[in-house]
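I have placed the structure first, in the form of structure tokens, so that the comments after it can refer back to it.
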Amino acid sequence: MAKVKAALLEKVGAPLVIDEVELDSPREGEVLVQVRASGLCHSDLSYIDHDYGFRLPIVLGHEVAGVVAEVGPGVRSLAPGDHVVTCLSGHCGLCTMCVQGKTWLCTEQHRVLGRNKGMPSRISRGGARVTQSAHIGGLAERVLVSELATVRVRSDLALDRAALLGCSVVTGVGAATKAACIHAGDKVVVVGCGAVGLNIVQGARLAGAGFVVAVDVDDAKLGLAVQFGADAVVDAQAGDAVAAVRELTGGGADHAFEVVGVAKTAAQVTKMAAKGGSVYLVGQPTPQVEYAFNAFDLVTSAKSVQGVLMGATQFRLDIPRYADLYSRGRIKLDELVGQHVRLEDVNKAFQAMRDRTSVGRTVVVFD
Ligand SMILES: NC(=O)c1ccc[n+]([C@@H]2O[C@H](COP(=O)([O-])OP(=O)(O)OC[C@H]3O[C@@H](n4cnc5c(N)ncnc54)[C@H](O)[C@@H]3O)[C@@H](O)[C@H]2O)c1
Ligand SMILES: [Zn+2]
Ligand SMILES: [Zn+2]
């Protein structure tokens, strides 16, 4: 049993509380990781602001990189001292989805990544159970996770960069290179240029896109999108973003990505797609939200709309590959790290995300 500092959501809509929690010792198949960096994902902000039905209190955070401190019995792929990244797309390898190769859709995730009923919870406070977001609970000095939710990464990769591989990079680069079938020369539009959107921009370039348009409501984010490979940018606050994108692309994009998670931009991306084009919904809406599309346009222009979860990642394969691509200068991670903060400043950092004043990923760093 170890005591660690963590950021807890005790009440939806309230600031996170920094408090000490107890972590159990690693059991069968579990790994204790000393966290060095934990990225703040917009999904975490959604969990703070909207009720997703989680049992509270919960330790949020899932984009973690750190060093293995201890392994439980039966752990075969990791040893103390290894550098690891966590991913919420851990999987069983045996269910129908896994056998089909769609490991990110594993139907047994909760069973294999969490603890069995009757076992003590991994995190507790004063003897009371604390929920572990995504079976990771990354906004803490240490995490106790299933081996199945981790992958070893090369030790020459800075851990604040490595952390981003676990969510924003697999989600964004994966959406462009795995979920979408981008052909050389295709036209792409990305609406929402936070860390996930920027990774779609660089993923689209990697996949051979001929022309990439980035759309956001903030100039600094659009500036960063150009660094990540956007050929043109559209400020959605400056006028009709749909008309601007349709003009820039000469009638619409072959691939249109929504990376905000709200109804307005979801409707916009369907109109930004060209005849026969594909629309990818990457932004995570609140559970109650319904999107409305113009069905006549979808049918008569034969557009397809697809939800994309975690960039269709097989993270054990993808994360080491993306680390190699970074080391060869083929994808950017340095520019993706917007700012470092301490755990104590996590509420200020989420407020900046809410206000859209933070650019790139905010990464909580630990000693
Ligand atoms: N599908 C998945 O598996 C998955 C995985 C991770 C994150 N997500 C989701 O992806 C989305 C993006 O995540 P992030 O961490 O990059 O968020 P972020 O907050 O860093 O970025 C969101 C961006 O959208 C921009 N934006 C807001 N309103 C806009 C508008 N009307 N038009 C254009 N741009 C607008 C903001 O300025 C910001 O740059 C979130 O909804 C998040 O929950 C989904
Ligand atoms: Zn995330
Ligand atoms: Zn499975």
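We count ligands from 1, going down the list as the structure has it; atoms in each ligand are counted the same way. We number each residue from 1, following the sequence as shown.
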Angle at the Zn ion (ligand 2) (to 10°), with one arm to SG of C41 and the other to SG of C167: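 It comes to 120°.
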Side-chain donor or acceptor of [X] paired with backbone N/O of [Y] under 3.5 Å:
| X | Y | result |
| --- | --- | --- |
| D297 | N294 | no |
| S304 | V279 | no |
| R115 | P120 | yes |
| D355 | T357 | no |

Any non-hydrogen atom of A195 lying under 4.0 Å from ligand 1?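 Judged by the 4.0 Å heavy-atom criterion, A195 does count as contacting ligand 1.
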Taking only non-hydrogen atoms of R361, do any sit less than 4.0 angstrom from ligand 1?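 Contact present.
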Do me a favour and list the nearest non-hydrogen protein atom to [atom] with residue, atom name and distance?
| atom | result |
| --- | --- |
| atom 35 (C) of ligand 1 | V260 CG2, 3.7 Å |
| atom 25 (C) of ligand 1 | D216 OD2, 3.3 Å |
| atom 24 (O) of ligand 1 | G192 CA, 3.6 Å |
| atom 27 (C) of ligand 1 | R356 NE, 3.3 Å |
| atom 44 (C) of ligand 1 | V282 O, 3.0 Å |
| atom 3 (O) of ligand 1 | M310 N, 2.6 Å |

Is there side-chain contact between P73 and E30, with heavy atoms separated by less than 4.5 Å?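 P73 does not reach E30 side chain to side chain.
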Min side-chain heavy-atom separation V67-V84 under 4.5 Å: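 No - every pair of side-chain heavy atoms lies 4.5 Å or more apart.
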Could you see which bit of [X] sits under 4.0 Å from ligand 1, with heavy atoms only: side chain, backbone, both or neither?
| X | value |
| --- | --- |
| K221 | side chain |
| Q284 | both |
| T171 | side chain |
| K264 | neither |

Pick from [options]: the one approaching [atom] most closely through a non-hydrogen atom:
| atom | options | value |
| --- | --- | --- |
| atom 30 (C) of ligand 1 | T265, D235, D218 | T265 |
| atom 42 (C) of ligand 1 | G338, C41, A241, S43 | S43 |
| atom 16 (O) of ligand 1 | V196, V217, V191 | V196 |

What atoms in ligand 1 come closer than 4.0 Å to a heavy atom of [X]?
| X | result |
| --- | --- |
| L309 | 3 (O) |
| H42 | 13 (O), 14 (P), 15 (O), 17 (O), 18 (P), 19 (O), 40 (C), 42 (C), 43 (O) |
| C167 | 6 (C) |
| C193 | 23 (C), 39 (O) |
| G194 | 16 (O), 18 (P), 20 (O), 21 (O), 23 (C), 39 (O) |
| M353 | 19 (O) |

Decide whether [X] and [Y] meet the rule of one side-chain donor and one side-chain acceptor closer than 3.5 Å.
| X | Y | answer |
| --- | --- | --- |
| Q202 | R205 | no |
| S77 | R152 | no |
| H135 | H110 | yes |
| K102 | Q314 | no |

Lys/Arg-Asp/Glu bridge criterion (N-O < 4.0 Å) met for [X], [Y]:
| X | Y | answer |
| --- | --- | --- |
| D231 | K187 | no |
| R161 | D334 | yes |
| R356 | D218 | no |

Mind telling me whether Y280 and F257 have parallel, tilted or perpendicular rings, with 30° and 60° as the class edges?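 Correct class here is parallel.
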Measure the acute angle between the ring planes of H50 and Y52, then classify it against the limits of 30° and 60° as parallel, tilted or perpendicular.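 If you compare the ring of H50 with that of Y52, the planes turn out perpendicular.
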Apex the Zn ion (ligand 3) - arms SG from C98 and SG from C92 - angle rounded to 10°: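 Between SG of C98 and SG of C92, at the Zn ion (ligand 3), the angle is about 120°.
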Using a 3.5 Å cut-off on N or O atoms only, is [X] in polar contact with ligand 1?
| X | result |
| --- | --- |
| V308 | yes |
| G283 | no |
| Q268 | no |
| V259 | no |
| G197 | no |

Quick one: pull up NZ in K221 and CZ in F228 and give me the separation to the nearest 0.5 Å.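 One gets 13.5 Å once the value is rounded to the nearest 0.5 Å.
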